Amino acid sequence: MLSLRVPTPTSFRRLHAGRSRLSRDCLFSYSPSFVNRGVRLRVRSTKSEVVFTPTEEEEEVTLPEELQPELMPKHVAIIMDGNGRWAKNQGLQPWDGHRAGVEALKEIVELSGRWGIQVLTVFAFSTDNWIRPRIEIDFLFSLFERSLKSEFQNLAQNNVRISIIGDSSKLPKSLLRLINEGEEGTKNNKRLQLIVAVGYSGKYDVLQACRGIAQRVKDGEIDVDEIDEGLIEQELETNCTEFPYPDLLIRTSGELRVSNFLLWQLAYTELFFAQELWPDFGRSGYIEALMSFQQRQRRFGGRKS
């Protein structure tokens with residue numbers, strides 16, 4: 001819970017029409033960030049200070065005027081592409097692009113939670129990325145670990161649950177411990193589920209699901225005739241969420257492919273390809289992608305009415 005304390009001036013101002021009013025000896029000023037975030041403030045005045053306490057139930061989902069709340073996707077997936085090219089264009093090293101990419105992700109996570117999106121899945125590291133130079137891979141995992149450490153408290157305060165999917169067999173042990181702590185510490189958070197795909201590929205996901213089902217058949221838990229789409233979906237790594245199928249996939253950097261990401265889950269996903277490199281993809285780009293999604297008719301194999 002956030003409290004803001006400011007000195008008490010000598011007049012008064014109404015906080016919200018029809019809601020709270022301060023006494024005549026108590027005028028306050030408040031940060032525009034509260035207004036931008038759509039947070040209603042509960043006010044308590046004393047002789048020397050005003051305390052603003054936005055409660056969780058009073059936080060409103062305030063969308064940009066271009067977006068319609070009833071058409072918002074529940075699950076958005078993002079291929080965060082272009083960090084290296086961004087750094088090269090800036091005359092910087094590849095790791096500078098990755099740092100900038102982390103900052104871009106922070107903004108998108110914040111906006112997703114604020115705008116009522118339930119699940120955000122991001123492609124952080126593909127199994128295909130293991131062919132990159134070892135120095136870059138080591139830096140990526142070090143950056144991932146530092147970012148998780150620094151953001152856990154912020155995720156908890158903002159009611160964000162974090163889940164990690166992918167083949168963890170090659171990840172550093174220190175990172176694995178941190179992932180376990182983060183998943184356990186945020187498992188009851190409800191506002192937004194952030195799924196980070198690390199060491200992930202869509203082919204791997206289907207393969208590990210098939211192996212899991214085969215083992216269950218071998219153990220006599222199920223018969224071969226019982227294998228159907230629903231059973232496979234239960235074995236996919238996105239079974240960690242209530243909404244396993246992305247409504248919208250966004251890929252940045254102008255590339256027009258899905259690059260082995262969520263291959264089963266993307267069967268009926270709407271695709272949006274942004275020209276911006278990932279560090280440049282911010283609020284305006286996100287709004288554009290969501291507007292494009294809201295203008296489409298999703299028929300799931302049916303005919304247009």
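Just so you know, these numbers come straight off a predicted model, no measurement behind them.
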Hydrogens and angles aside, do Arg146 and Ser142 bring a side-chain donor and acceptor to less than 3.5 Å of each other? yes
Interatomic distance, CD@Gln118 vs CG@Asp247, rounded to 0.5 Å, equals 10.5 Å
Are Val109 and Met72 linked, directly or through other ILVMFWY residues, by side chains that come within less than 4.5 angstrom of each other? yes
Without swapping roles, check the side chain of Gln294 against the backbone of Gln68 for a donor-acceptor pair under 3.5 Å. yes
Same cluster (ILVMFWY, side-chain, under 4.5 Å), Val122 and Leu192: yes
Within one Ile-Leu-Val-Met-Phe-Trp-Tyr cluster: Val119 and Met80, side-chain cutoff 4.5 Å: no
With distance as the sole criterion, is a donor-acceptor pair present between the side chains of Tyr200 and Asp205 under 3.5 Å? yes
Taking Asp167 for the side chain and Gly199 for the main chain, is one N or O donor matched with an acceptor at less than 3.5 Å? no
Between Asn189 and Val160 (side chain of the first, backbone of the second, donor and acceptor by atom type, cut-off under 3.5 Å), is there such a pair? yes
Could you state the interatomic distance from NE2 (His98) to CG (Leu143), rounded to the nearest 0.5 Å? 8.0 Å
Any Thr269 side-chain heavy atom under 4.5 Å of Tyr245 side chain: no
Ring pair (Phe, Tyr, Trp, His ring centres under 6.0 Å) involving Phe125 - partner list, sequence neighbours excluded: Trp130, Phe141
So, using side-chain contact (heavy atoms from CB on, under 4.5 Å) as the criterion, who are the partners of Ser292 when residues are at least two apart? Phe272, Arg296
Is Trp115 reaching over with its side chain to a backbone N or O of Leu63, donor-acceptor style, under 3.5 angstrom? no
State which residues pass side-chain contact (heavy atoms from CB on, under 4.5 Å) with Ser168; sequence neighbours excluded, sorted by chain then number. Leu171, Leu176
Rounded to the nearest 0.5 Å, how far apart are CG of Leu148 and CD1 of Ile164? 6.0 Å
side-chain hydrogen bond (donor to acceptor under 3.5 Å, both in side chains), that's the test. Do Gln157 and Asn154 meet it? Break it down for me. CA-CA 5 Å; Gln157 289 176 345; Asn154 185 49; over 6 Å; no
Pairing residues for Arg99 by the salt bridge (Lys or Arg N to Asp or Glu O under 4.0 Å) criterion, not counting sequence neighbours: Asp96
Hey, are the side chains of Lys190 and Arg161 touching, using non-hydrogen atoms and a 4.5 Å cut-off? no
How long is the gap from CG on Leu140 to CG on Leu175, to the nearest 0.5 Å? 11.5 Å
Applying side-chain contact (heavy atoms from CB on, under 4.5 Å), name anything that partners Glu255, two or more places apart in sequence or on another chain. Asp81, Arg85, Arg251, Ser253, Arg257
Salt bridge (charged side-chain N to carboxylate O under 4.0 Å, His left out) partners of residues 119-135, not counting sequence neighbours, each pair once: Arg132-Glu136, Arg134-Asp138
Test Thr121 against every option in Ile195, Val76, Ile79 by the side chain to side chain contact (heavy atoms under 4.5 Å, CB included) rule and name the one that passes. Ile195
Pairwise side-chain contact, Leu290 with Pro73, heavy-atom cut-off 4.5 Å (strictly under): yes
Any luck finding a side-chain donor-acceptor pair between Tyr286 and Ser112 under 3.5 Å? yes
Other ILVMFWY residues reachable from Leu92 by side-chain steps of under 4.5 Å: Trp86, Leu277
Which residues pass the salt bridge (Lys or Arg N to Asp or Glu O under 4.0 Å) test with Glu107, sequence neighbours left out? none
Just to verify, what does Val258 make a side-chain contact (heavy atoms from CB on, under 4.5 Å) with, not counting sequence neighbours? Leu249, Leu263, Leu266
With sequence neighbours excluded, tell me which residues meet side-chain hydrogen bond (donor to acceptor under 3.5 Å, both in side chains) with Thr241. Gln193
Are the side chain of Ser201 and the backbone of Thr127 linked by a donor-acceptor contact shorter than 3.5 Å? no
Assigning hydrophobic clusters by single linkage (Ile, Leu, Val, Met, Phe, Trp, Tyr; side-chain heavy-atom cutoff under 4.5 Å), is Phe261 placed with Ile78? no
Is there a donor-acceptor pair closer than 3.5 Å between any side-chain N or O of Arg298 and the backbone N or O of Tyr268? yes
Can you list every salt bridge (charged side-chain N to carboxylate O under 4.0 Å, His left out) pair that touches residues 217-230, not counting sequence neighbours? Arg216-Glu221
Heavy-atom pair with the smallest gap, counting every atom of Asn239 and Glu233: CB-O, 4.1 Å
Show every salt bridge (charged side-chain N to carboxylate O under 4.0 Å, His left out) that has at least one partner inside residues 174-185, sequence neighbours left out. Glu184-Lys187
Evaluate Glu276 against Thr252 for side-chain hydrogen bond (donor to acceptor under 3.5 Å, both in side chains), listing each step before the verdict. CA-CA 6 Å; Glu276 299 97 330; Thr252 58; over 6 Å; no
